[in-house]
Amino acid sequence: MNKKQVLSFTGATLAAVAGVSVANEEVKADANVTTDNAQTWVQSQTADQQAQTKVNQAQSNVNSATQATSAAQTELNSANVANLAAQSAVNDQQNAVNSAQSNVNSASVAVSDAQSKEAAAQKNADQATPANIQAAKDAISNQEQQISKDTDTINADDQAVTTAQNNVSSAQANVNNATAKRDNQQKIVNSAQDNVKNATDILNNSSQAKAKAQNDLSTANDKVKNDSNAVNAKQGEVNTATEAKKNANADLAKAQDTEKVAQKDKDAKQAVVDQTKAALDTANAAVKDAQAKVDAINDKLANVNTITVPDKKGYQKALSDWLGGTRDTNGNFIPEDFKVIDEAHKVNQYKHNNSDKSVMVDPNHLTDNETKELTLYAADLLNQIRTQLGIPKVKVSNGSLEFAKEVEQNYVNDNWNKIAHDNKGIDKAAQATGSEGYEDASFFGHLDNVDSLSMDSLKDDIYNGLLNMIFPNDDQQEMYHARGLLGLMSGDFTGDYSFSKAVPQYFGLTTTSMKNVNDWDWSMAHWLNADADRVSDKFDKTEVTIPSTDQLVSELSLANASLQSVKTDQSTKQKANDDAQSALNAAAQVLATAQRDVNTKTASAKTANDSLTKTQSELANLQSQLKTDQALQKQAQANFDSFAADVTTKQVNVQKAQDNLTAEQGRLAITQANLDNANNALNDAKNVLAQKQQKVKNDKATLKADNDKLAQLQAKLANLQDAPKLLATAQQAVKDAQKTLDDAQSKLTAATNKLNDLKKTAAIAQTAVDTAKQKVTDATKIQSDAQEALTQAKNELAALQQKEALAKQVAEQQAKLAAEKEAKDNGYHVENNNVVDSKGNNVQGWTVKNGQMIDPNNAVIEQSKPETTNVTVNGKGEVKPQTIVNTKGNLQTQAKSTSTKAVIATTAQAATTVNQTREQYKQQLKSNSQLPQTGNNNNAILSLTGVAMVTMLGLFGIKKREY
């Protein structure tokens, strides 16, 4: 056991555990007792061995179960790791599928949008007949005339606004005049009221009234004089303002006539500009289109990667030398050949393409379009070299593309992870497509993620891979790849520089990727050639056109010629438009000058009119004031003269004054009515002005709408004239959008297939986890059962060992007691370093050590010593019995004697055993404090075995062995 344990028991408990019976048997201190105990010990030893064997077996089972559990847990841990990796791969791929689906959705929307635009372009093209184009031109002309009419209407309505504004000003002057007349009449009424009071005061001969009348007359005379002077002065101002207004109106009319002439001239010039501008726009569009075509071709040429062979003869020699065996001692090029190869390699450099940088592809799952694009790209590079060397060009066919797809799929399915050829996969692909082809391969290490590379990155790898195989200037100088790529797989090249053995071939290319090979991630380009005369009937020979630089150059020449032609036409149209624009600008300047003059003259006329209106109003007010003051003067004079009249006359004057007051109050009502009419007229004039201003606003809105319509008509004409170009652009947009959609759908399909595969792998991994979990559960159960069995076996062994130890101790004690009895009964003692009996005979099997007797069981036995006691003899000569106990606790019984000499009484202790319970045994221990009396031989309560054990154990505990 690993853990140490301590067990404590009382003596009674130990006896019971050991299974030793201590009741109803007399202990026999003879050889039989020893022999029996020895036999029991042998038997116990056998049981102990069996128990130990059981423990060992149980321990072995535990060890095996523990190992099995550990192995199962290890398997579960591995399964969990694999499952997590598989699920992570599923999650990552699900994200890729989601992204691919999003791309498909976006591409689908783009296709729908492009198709709608194509339909609109097609409809426009269908309508682009000469009649419709002419109708569009006529509509533009009519619209321009309508715009001219709109301008005339605005000008007329602007004049009406000016007239209405003048009317408002005039009406405002009338209101002012009417207000002044009403105010003057109010003064007359007030004066008439005063006259009534004065006439009454005169009738009453009031001296105060007479003095007031004199003062009023003097004041009235002064006011009339001043009013007359002011009226005369203001009349002069009115005359001057009237002449100024007449002149200003004449100048305005002349300016307006000039403006109308300038407007018509400008409108005519605008029509010419519009026509020449439309023609120029058409010419500009044609130039733009032609320039775009030229730029596109130039861009292609600028981004077209080319490979040149600077020294054709030198390269032919270097290739033939190496293939023919002319090499240096290391198997590399001879110096003159290496120089040719090295220069050819360095002169060629890859040209990056920005548009390709944004196109991401999975090298292990190229779409059909991606495979085709890369194959045509590589085939063009290869054909450039072949053409320069006089070798037949490779062809690309449906069969060679299929060959490439099969090779890619086989590499992926084989989980290829070596810098080498998957010959089995290549042969399988060749047989499947009937190509009987072979592979050359180039590898490029990457630090970034090779699961997704840009098209530009792959083309870069392909380009430099071809350079490294055709012009190997590094430490791997070999030309076997060049031989395969150039179709030179047969023939002896010693001294043959013509490459006459080259054969026509079909070509395909694909890519794959590998991870963590030699501490790098790799992209791999597979260059696949198949001799044209070796493909089987199964091989699809339908050719795919390979774009070439020669074709682009030819297209560029035609595009430049077309561009030059449309530029010439553009120049003519530009001059016509420039001339028309210059004329329009001049006319616009004349019109602007005329308009500024009209504005100036209008302002001057308005100022003159306002000045006249103002002075006329002021004159009218002064005249009204003069008239009022003259009436007041007349009344003041009459009031003053009235003081000299008789009473009757004064009474009549009072009546006249009252009648005059009534009359003037009536005139006040008339002036108030005239003021109300003037205000109404002013409001009407303001309403008319607002209407005229609104009409001008509406006219300007109409002009804007007509200008917008003109722009629409002009755009429609341009669309009709550019219909073929617009339709071609829309159709190309549909193709591009459809290609994008097809590519997106292919990627989605590939991503979905990969996701499904990963899900299967994840399901298998989950199953493995479930299986491993069950194994752990089963193994844990077995281990637990084995551990329980081990614990039980160890407990049984411990119990047995405790039982054996107690049995052995009891047997040894019994044997010692028997030996002690034997020694006492026979008087064994030591003489001359030997054990002898009471007769002096040597005792066999007994020895002496350190002066002590050693029995045959190697136990120390005390020598026999007779004990004496004093006895009492009664008067009858009888010995009185007396019980004593020696120092060792042995019971002594007094013997009867008929003499008075000392009696030696030696008795053997008698012991009986009783089968007892623990409680009975405890009670017995308590009763042992009373010593048994003579005659208790077989009924003594104290157990010999119990005494021996108590003596040995001291009624304390023992410790179990630790192992």
Side-chain angles (χ1 to χ4, degrees), residues 152-190 227 230-257 259 595 598-629 631 664-700:
D152 292 339
T153 300
I154 290 174
N155 292 334
D157 290 341
D158 278 338
Q159 185 60 45
V161 168
T162 300
T163 300
Q165 288 175 334
N166 292 334
N167 291 338
V168 169
S169 298
S170 178
Q172 183 64 56
N174 291 337
V175 168
N176 295 340
N177 291 332
T179 300
K181 289 180 179 180
R182 191 273 315 272
D183 293 342
N184 289 332
Q185 187 59 36
Q186 182 64 54
K187 292 178 182 178
I188 292 174
V189 169
N190 295 338
D227 289 345
V231 167
N232 293 332
K234 186 59 66 176
Q235 183 62 56
E237 293 179 9
V238 168
N239 294 338
T240 301
T242 300
E243 185 64 24
K245 178 184 178 183
K246 178 180 177 181
N247 294 334
N249 287 340
D251 291 343
L252 176 59
K254 182 186 293 185
Q256 288 173 335
D257 291 340
E259 180 188 23
Q595 288 174 335
V598 167
N599 293 336
T600 301
K601 296 298 193 295
T602 299
S604 298
K606 185 177 184 304
T607 299
N609 183 69
D610 292 344
S611 178
L612 176 60
T613 300
K614 178 182 178 184
T615 54
Q616 285 176 335
S617 176
E618 291 172 348
L619 176 60
N621 292 335
L622 290 173
Q623 288 174 336
S624 177
Q625 184 65 43
L626 175 60
K627 183 178 179 181
T628 299
D629 289 342
E664 294 301 333
Q665 286 176 334
R667 293 187 185 93
L668 177 61
I670 292 172
T671 57
Q672 182 62 51
N674 291 338
L675 175 59
D676 292 340
N677 292 334
N679 279 321
N680 291 335
L682 175 61
N683 290 332
D684 292 341
K686 288 181 177 179
N687 290 334
V688 171
L689 175 59
Q691 293 173 1
K692 297 299 183 183
Q693 290 173 331
Q694 183 61 45
K695 191 171 187 308
V696 170
K697 184 177 180 181
N698 295 339
D699 292 341
K700 290 182 178 179

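We use all heavy atoms of the structure for the numbers below, so side chains are in, but hydrogens, waters and symmetry mates are not. For this chain, numbers begin at 1 and follow the sequence in order.
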Under 4.5 Å between any side-chain heavy atoms of N167 and V688, yes or no? no
Residue pair [X] / [Y]: nearest heavy atoms and the distance that separates them:
X    : Y    : result
V168 : L682 : O-CD1, 3.5 Å
K187 : T628 : CB-CG2, 4.4 Å
A678 : A178 : CB-CB, 4.0 Å
T153 : K695 : CG2-NZ, 4.1 Å
R182 : T671 : CA-OG1, 3.5 Å
K692 : A164 : CG-CB, 4.0 Å

Quick check against the 3.5 Å criterion: does [X] have a side-chain atom that pairs as donor or acceptor with the backbone of [Y]?
X    : Y    : result
S624 : A620 : no
N609 : A605 : no
T242 : V238 : yes
S617 : T613 : no

Strictly by modelled atom types, are [X] and [Y] linked by a side-chain donor-acceptor pair under 3.5 Å?
X    : Y    : answer
N155 : Q159 : no
N239 : E243 : no
N599 : Q595 : no
Q691 : N687 : no
N621 : Q625 : no

With rounding to the nearest 0.5 Å, note down the distance linking [atom1] in [X] to [atom2] in [Y].
X    : Y    : atom1 : atom2 : answer
E618 : E237 : CD    : CD    : 7.0 Å
D610 : Q165 : CG    : CD    : 10.0 Å
T607 : K245 : OG1   : NZ    : 12.5 Å
T602 : E259 : OG1   : CD    : 8.0 Å
L626 : L622 : CG    : CG    : 8.5 Å
N249 : K606 : CG    : NZ    : 13.0 Å

Do Q235 and L619 pass the side-chain contact (heavy atoms from CB on, under 4.5 Å) test, and can you show the C-alpha distance, the side-chain angles, and the key distance before you say yes or no? CA-CA 6 Å; Q235 183 62 56; L619 176 60; 2.9 Å; yes
Test side-chain contact (heavy atoms from CB on, under 4.5 Å) applied to R667 and I188, step by step: CA-CA 9 Å; R667 293 187 185 93; I188 292 174; over 6 Å; no
Would V598 and L252 satisfy side-chain contact (heavy atoms from CB on, under 4.5 Å), going step by step from the backbone distance to the final call? CA-CA 6 Å; V598 167; L252 176 59; 4.2 Å; yes
Does K697 form a side-chain contact (heavy atoms from CB on, under 4.5 Å) with K700? I'd like the steps, not just the answer. CA-CA 5 Å; K697 184 177 180 181; K700 290 182 178 179; 5.8 Å; no
